[in-house]
Amino acid sequence: MKRQKTFFIMHNLIFEVQKPEITVKKIKVAMVKIENEEYKVLRKQFDEEVFNIERKSGGWFITEKDKPI
């Protein structure tokens, strides 16, 4: 019998897993990695001194900071 590979696909990213079981911990780690990469891209586009960048349940929420008077 040939050994088969198991892959996990999420948000267009493919992860190869050694065991056929995909644990909740692996899913959470993958989600955090994706979120960190998204945040890095947003920081390049929006200056953090001018904008607030927040992660909410519906996605990223970007607002302009209040300017000091």
* Output all residues satisfying salt bridge (charged side-chain N to carboxylate O under 4.0 Å, His left out) with Lys25, sequence neighbours left out; order by chain, then residue number. => none
Interatomic spacing from [atom1] in [X] to [atom2] in [Y] - rounded to 0.5 Å:
X     : Y     : atom1 : atom2 : value
Trp60 : Glu54 : CH2   : CD    : 10.0 Å
Thr63 : Phe46 : OG1   : CZ    : 10.5 Å
Glu48 : Arg43 : CD    : CZ    : 5.5 Å
Phe51 : Ile62 : CZ    : CD1   : 8.0 Å
Met31 : Leu13 : CE    : CG    : 12.5 Å
Asn36 : Lys40 : CG    : NZ    : 7.0 Å

* Single hit among Glu38, Glu37, Lys44, Gln45 for side chain to side chain contact (heavy atoms under 4.5 Å, CB included) with Val41 -> Gln45
* Under the side chain to side chain contact (heavy atoms under 4.5 Å, CB included) criterion, do Val50 and Glu64 qualify, and how do the steps go? -> CA-CA 6 Å; Val50 179; Glu64 193 171 1; 4.2 Å; yes
* **same_hphob_cluster(Ile27, Ile34) at 4.5 Å side-chain heavy-atom cutoff** => yes
* Asked: Does Lys33 NZ have over 12 foreign heavy atoms under 6.0 Å away?
  -> no
